[in-house]
Trainee: 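Just dropping this structure here.
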Amino acid sequence: MEIHRLTADEGPRLRAVRLRALRDAPDAFGTTFEEANAWRAETWTSQLEKLATFVAARDGMDIGLARGAPHDDVEDAAILLSMWVAPEARGQGVGDALVGAVAAWARAQGFRQLLLDVADTNARAIAFYARLGFFPTGAVSTLPPPREHILEHQRALDLSRRGTR
């Protein structure tokens with residue numbers, strides 16, 4: 001398995017893996033498949049210019065995605081976005097490697113913590129993030145319409161510690 005940071009000219013690759021993630025786990029993301037599928041090529045390029053985007057690949061196939069960005073509301077924090085591992089690759093260390101890549105990027109940018117939002121009903125993801133050292137912050141929210149019924153909570157990772165655990 002390889003972890004690769006996408007560059008601005010890899011919009012079609014981002015589009016393919018992101019649409020696959022949205023089809024697989026529609027209630028895990030703020031964006032819907034329908035919204036993302038309608039985006040023009042420029043939108044995908046713009047995302048690659050704004051977000052540190054990492055994909056996991058094995059045997060020439062993309063099997064995971066994670067992105068990082070400065071947090072909009074917390075000055076010393078980055079946010080982990082779009083985290084997804086293909087069903088056939090789950091439980092094989094792909095998620096660990098992707099979170100590790102985003103955490104390394106965030107540390108290199110000088111951020112002190114890495115935040116994420118996870119659906120309260122996603123027990124597998126919650127357990128995964130807890131194993132990596134993410135702890136609940138107490139902040140809660142919902143996904144945007146039409147899935148505002150899905151409750152989320154925020155978790156944080158202290159980046160001053162080495163590794164993701």
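Remember, predicted model here, so these are calculated numbers, not experimental data.
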Trainee: Can you run down the salt bridge (Lys or Arg N to Asp or Glu O under 4.0 Å) pairs that involve residues 26-39, sequence neighbours left out, and say none if there aren't any?
Mentor: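 Non-adjacent pairs meeting salt bridge (Lys or Arg N to Asp or Glu O under 4.0 Å): zero.
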Trainee: The criterion is side chain to side chain contact (heavy atoms under 4.5 Å, CB included); which residues satisfy it with Ala130, sequence neighbours excluded?
Mentor: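 If we apply the side chain to side chain contact (heavy atoms under 4.5 Å, CB included) test to Ala130, skipping adjacent residues, the hits are Arg155.
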Trainee: At what distance, to the nearest 0.5 angstrom, does CZ of Arg23 lie from CZ of Phe33?
Mentor: 4.0 Å
Trainee: Carefully, step by step, assess Asn37 and Leu19 under the rule side-chain contact (heavy atoms from CB on, under 4.5 Å).
Mentor: CA-CA 7 Å; Asn37 194 40; Leu19 290 178; 3.6 Å; yes
Trainee: Report the C-alpha distance between Trp39 and Gln47 in whole Å, list the side-chain angles of each, state the deciding distance to 0.1 Å, and finish with yes or no for side-chain contact (heavy atoms from CB on, under 4.5 Å).
Mentor: CA-CA 11 Å; Trp39 291 344; Gln47 287 188 12; 2.9 Å; yes
Trainee: Do any N or O atoms from the side chain of Arg107 and from the backbone of Gln113 form a donor-acceptor pair under 3.5 angstrom?
Mentor: no
Trainee: Write down the atom of Phe128, the atom of Gly95, and the distance for their closest heavy-atom approach.
Mentor: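 That would be CZ-C, 3.5 Å.
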Trainee: For Leu51, is there any backbone N or O sitting under 3.5 Å from a side-chain donor or acceptor partner on Thr53?
Mentor: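 Between the backbone of Leu51 and the side chain of Thr53 there is a qualifying donor-acceptor contact (under 3.5 Å).
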Trainee: Does any pair with a residue in residues 115-127 pass side-chain hydrogen bond (donor to acceptor under 3.5 Å, both in side chains), and if so which ones, sequence neighbours excluded?
Mentor: Asp120-His153
Trainee: Would you tabulate the side-chain donor-acceptor contacts of residues 76-86 under 3.5 Å, counting partners in other chains and residues two or more places apart, or write 'none'?
Mentor:
| residue | atom | partner | partner atom | Å |
| --- | --- | --- | --- | --- |
| Ser82 | OG | Arg67 | NE | 2.9 |
| Ser82 | OG | Arg67 | NH2 | 3.0 |
| Trp84 | NE1 | Asp24 | OD2 | 2.9 |

Trainee: If I take atom CG from residue Asp73 and atom CG from residue Leu115, how far apart are they, to the nearest 0.5 angstrom?
Mentor: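 It is 10.0 Å, given to the nearest 0.5 Å.
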Trainee: Rounded to the nearest 0.5 Å, how far apart are OG1 of Thr43 and CG of Leu14?
Mentor: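 If we round to the nearest 0.5 Å, Thr43:OG1 and Leu14:CG are 11.0 Å apart.
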Trainee: Could you list the donor-acceptor pairs under 3.5 angstrom formed between side-chain atoms of residues 136-147 and any protein atom two or more places apart in sequence or on another chain?
Mentor:
| residue | atom | partner | partner atom | Å |
| --- | --- | --- | --- | --- |
| Thr137 | OG1 | Ala139 | N | 3.2 |
| Thr137 | OG1 | Gln154 | OE1 | 2.8 |
| Ser141 | OG | Glu152 | OE1 | 3.4 |
| Arg147 | NH1 | Pro26 | O | 2.6 |
| Arg147 | NH1 | Phe29 | O | 2.6 |
| Arg147 | NH2 | Phe29 | O | 3.1 |
| Arg147 | NH2 | Gly30 | O | 2.9 |

Trainee: For Glu148, enumerate each residue passing the side chain to side chain donor-acceptor pair (under 3.5 Å) test, keeping only those at least two apart in sequence or located in another chain.
Mentor: none
Trainee: Rounded to the nearest 0.5 Å, how far apart are CH2 of Trp105 and CG of Leu114?
Mentor: 8.5 Å
Trainee: Using 0.5 Å steps for rounding, measure from the CD1 atom of Ile63 to the CD atom of Glu2.
Mentor: 10.5 Å
Trainee: Answer with yes or no whether the hydrophobic clustering places Leu116 together with Ile126; edges join I, L, V, M, F, W, Y residues whose side-chain heavy atoms lie under 4.5 Å apart.
Mentor: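 Yes, it is one cluster - the side chains of Leu116 and Ile126 are joined through contacts under 4.5 Å.
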Trainee: According to salt bridge (charged side-chain N to carboxylate O under 4.0 Å, His left out), who are the partners of Arg13, at least two apart in sequence or on a separate chain?
Mentor: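 In terms of salt bridge (charged side-chain N to carboxylate O under 4.0 Å, His left out), with neighbours along the sequence ignored, Arg13 is linked to Glu10, Asp62.
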Trainee: Do you reckon Leu159 sits in the same ILVMFWY cluster as Leu98, going by side-chain contacts under 4.5 Å, direct or chained?
Mentor: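 Per the 4.5 Å side-chain linkage, Leu159 and Leu98 are co-clustered.
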Trainee: Could you pull out all residues at least two apart from Pro12 that satisfy side chain to side chain contact (heavy atoms under 4.5 Å, CB included)?
Mentor: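 Testing Pro12 for side chain to side chain contact (heavy atoms under 4.5 Å, CB included), a comparison that skips the adjacent residues, returns none.
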Trainee: Could you tell me which residues satisfy side chain to side chain donor-acceptor pair (under 3.5 Å) with Gln92, sequence neighbours excluded, listed by chain and number?
Mentor: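 So Gln92 forms a side chain to side chain donor-acceptor pair (under 3.5 Å) with Arg58.
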Trainee: Please give me the minimum heavy-atom distance between Gly93 and Met1, naming the atom from each residue.
Mentor: O-CE, 4.1 Å
Trainee: Applying ring pair (Phe, Tyr, Trp, His ring centres under 6.0 Å), can you list everything that pairs with Phe54, at least two apart in sequence or on another chain?
Mentor: none
Trainee: Determine whether Leu65 and Val102 fall in the same hydrophobic cluster, where Ile, Leu, Val, Met, Phe, Trp and Tyr are linked whenever their side-chain heavy atoms lie under 4.5 Å apart.
Mentor: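 Different hydrophobic clusters.
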Trainee: Could you pull out the closest heavy-atom pair between Val118 and Ala125, with the gap in Å?
Mentor: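 Shortest heavy-atom contact: CG2-CB, 3.8 Å.
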Trainee: With sequence neighbours left out, what residues match Asp59 under side chain to side chain donor-acceptor pair (under 3.5 Å)?
Mentor: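 For Asp59 there are no side chain to side chain donor-acceptor pair (under 3.5 Å) partners, ignoring immediate neighbours.
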Trainee: Looking at every heavy atom in both Ala56 and Val94, which two are closest together, and how far apart are they?
Mentor: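 Closest pair (atom of Ala56, atom of Val94, distance): CB-CG1, 3.6 Å.
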Trainee: Does Arg112 have any side chain to side chain donor-acceptor pair (under 3.5 Å) partners at least two apart in sequence or in another chain, and if so, which?
Mentor: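 Partners of Arg112 under the side chain to side chain donor-acceptor pair (under 3.5 Å) test: none.
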Trainee: Between OG1 of Thr45 and CZ of Arg40, what distance do you get to the nearest 0.5 Å?
Mentor: 10.5 Å
Trainee: What orientation do Tyr129 and Phe134 show, parallel under 30°, tilted 30 to 60°, or perpendicular over 60°?
Mentor: perpendicular
Trainee: Any idea which heavy atoms bring Ile3 and Ala101 closest together, and the distance?
Mentor: CG2-CB, 3.8 Å
